[in-house]
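Right, one structure below, let's go through it.
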Amino acid sequence: MSVFTPLERHQLEVFLAPYGLGRLRDFQGIAAGSENSNFFVSLEQGEYVLTLVERGPVADLPFFIELLDVLHDAGLPVPYALRTQDGEALRSLAEKPALLQPRLSGKHVHEANAHHCQEVGNLLARIHLATRERPVERRSDRGLEWMLAEGAKQALKLADEASPLLRAALDEIAELKPRILALPRANLHADLFRDNVLFDGNHLAGVIDFYNACSGPMLYDLAITLNDWCSHEDGSLDGARARALLGAYAAQRPFSAAEAELWPAMLRVACVRFWLSRLIAAESFAGQEVLIHDPGEFQRRLAQRQQVNLPLPFAL
């Protein structure tokens, strides 16, 4: 189970009392997390999610709170931070930064279809449009500089067939970095995988886990999302799902010519980011009872993205 910091019932009861949401009925750890400790919490007045932030500087947490407030105010289905009766949103529990948020309805989709992808494309465009004019600034701690630095280290450890693939991708990132950073910007979810989206039937009911959110190129966020929602097991893209996602997104935010030109490369950049983070996680948590995603999944996707026959629709 991916709960890095276990909690006792009496700890929770003391922590939850200032919210004025009634007695604690039940709580349980959430196994799906790979970076933070998350718990489902049932109180007399409703269902909630408690997050203990295990990774990253505490100084970034006001950013997440502000961003989720902005998205909540824009009508997006996000888990904004609840305040205590004294107005506190960011608190401490078990010596870790802690946030309490409403629990959103719905379930994760394991087998995505074109309709799911259309809904996700629409949602991602709404996130970007809500923040494009005035992004809440935060530099990603896993951005291009991180990829270049960590990628060079990991390439030394990889098998012969994998190392050249990664090195070629790193060379491309280094070459294109100025052009990537000049693309149109907004706030990015930066981790909009299937396990971070909730569906109630065919309706997209919520999006969760904004702890990788940052400000940056919108095209990068789109590439991250499409690589997860529209890939086959062998890493190749499913054309029908990909066109549904891109079409729904483009109907709200048309693409620029610069974005269209960099699109194939951006799909590769997004593969590198998650290949590296999974390689590092596999090393860091080896032998521990922590959910570790397969790094090979993104190695296969990167190999398949060497040729991309999926143009952006309606590029201006």
Open item on the list: According to a hydrophobic-cluster definition based on side-chain heavy atoms being under 4.5 Å apart (Ile, Leu, Val, Met, Phe, Trp, Tyr only), do Val136 and Ile208 belong together?
Closed with: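 Per the 4.5 Å side-chain linkage, Val136 and Ile208 are not co-clustered.
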
Could you check whether any side-chain N or O of [X] sits under 3.5 Å from a backbone N or O of [Y], counting only pairs where one atom can act as donor and the other as acceptor?
X: Gln252; Y: Asn122; result: yes
X: Arg142; Y: Leu276; result: no
X: Arg185; Y: Pro217; result: no
X: His189; Y: Leu192; result: yes
X: Arg138; Y: Ala213; result: yes
X: Asn196; Y: Asp191; result: yes
X: Arg301; Y: Asn227; result: yes
X: Trp263; Y: Ala258; result: no
X: Arg9; Y: Asp26; result: no

Closest contact, heavy atoms only, [X] versus [Y]:
X: Leu104; Y: Pro77; answer: CD1-O, 3.5 Å
X: Val14; Y: Pro18; answer: O-CD, 3.6 Å
X: Gly106; Y: Leu198; answer: O-CD2, 3.8 Å
X: Pro97; Y: Leu61; answer: CB-CD1, 3.2 Å
X: Gly29; Y: Val3; answer: CA-CG2, 3.8 Å

Open item on the list: Does Arg253 form a salt bridge (charged side-chain N to carboxylate O under 4.0 Å, His left out) with Glu259? I'd like the steps, not just the answer.
Closed with: CA-CA 12 Å; Arg253 189 187 78 82; Glu259 288 177 310; 2.8 Å; yes

Distance-only donor-acceptor check, side chains [X] and [Y], under 3.5 Å:
X: Asp234; Y: Ser236; result: yes
X: Ser42; Y: Glu47; result: yes
X: Asn187; Y: Arg132; result: no
X: Thr51; Y: Asn36; result: no
X: His128; Y: Asp221; result: yes
X: Arg126; Y: Thr131; result: no

- [ ] Check whether the ring centres of Tyr211 and Phe64 lie less than 6.0 Å apart, and answer yes or no.
- [x]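 They qualify: ring centres under 6.0 Å apart.
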
Open item on the list: Other residues, nucleotides and ligands only: do more than 12 of their heavy atoms fall within 6.0 Å of CD on Glu175?
Closed with: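 No - once you tally the heavy atoms of other residues, nucleotides and ligands closer than 6.0 Å, there are 12 at most.
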
TODO: Could you label the plane-to-plane angle of the Phe274 and Phe193 rings as parallel, tilted or perpendicular, counting under 30° as parallel and over 60° as perpendicular?
DONE: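 Correct class here is tilted.
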
Open item on the list: Can you tell me how the ring of Phe199 sits relative to the ring of His116, calling it parallel under 30°, perpendicular over 60° and tilted otherwise?
Closed with: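 Phe199 and His116: perpendicular rings.
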
Rounded to the nearest 0.5 Å, what separates atom [atom1] in [X] from atom [atom2] in [Y]?
X: Arg194; Y: Thr225; atom1: CZ; atom2: OG1; result: 12.0 Å
X: Phe15; Y: Thr84; atom1: CZ; atom2: OG1; result: 9.0 Å
X: Glu44; Y: Leu21; atom1: CD; atom2: CG; result: 10.0 Å
X: Leu16; Y: Arg91; atom1: CG; atom2: CZ; result: 8.0 Å

When you check the gap from the basic side-chain N to the acidic O, do [X] and [Y] get nearer than 4.0 Å?
X: Glu150; Y: Arg273; value: no
X: Glu54; Y: Lys96; value: yes
X: Arg179; Y: Glu261; value: yes
X: Glu297; Y: Arg278; value: yes

Task: Cation-pi geometry met for Arg83 and Tyr19 (6.0 Å, 45°) - done: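 Not satisfied by the 6.0 Å and 45° rule.
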
Task: Steps toward side-chain contact (heavy atoms from CB on, under 4.5 Å) verdict (Asp195, Asp209) - done: CA-CA 9 Å; Asp195 59 0; Asp209 196 350; over 6 Å; no

- [ ] Quick one: do Phe40 and Tyr48 satisfy ring pair (Phe, Tyr, Trp, His ring centres under 6.0 Å)? Show the steps, please.
- [x] CA-CA 6 Å; Phe40 289 133; Tyr48 304 90; over 10 Å; no

Open item on the list: For Cys117 and Cys230: C-alpha separation, side-chain torsions, deciding distance, then whether side-chain contact (heavy atoms from CB on, under 4.5 Å) applies.
Closed with: CA-CA 8 Å; Cys117 293; Cys230 306; 3.9 Å; yes

- [ ] Go through the steps for Trp146 and Asp141 under the test side-chain contact (heavy atoms from CB on, under 4.5 Å), then give the verdict.
- [x] CA-CA 7 Å; Trp146 174 87; Asp141 59 357; over 6 Å; no

- [ ] Could you walk me through whether Glu233 and Arg300 pass salt bridge (charged side-chain N to carboxylate O under 4.0 Å, His left out), step by step?
- [x] CA-CA 9 Å; Glu233 188 172 348; Arg300 294 189 295 273; 6.0 Å; no

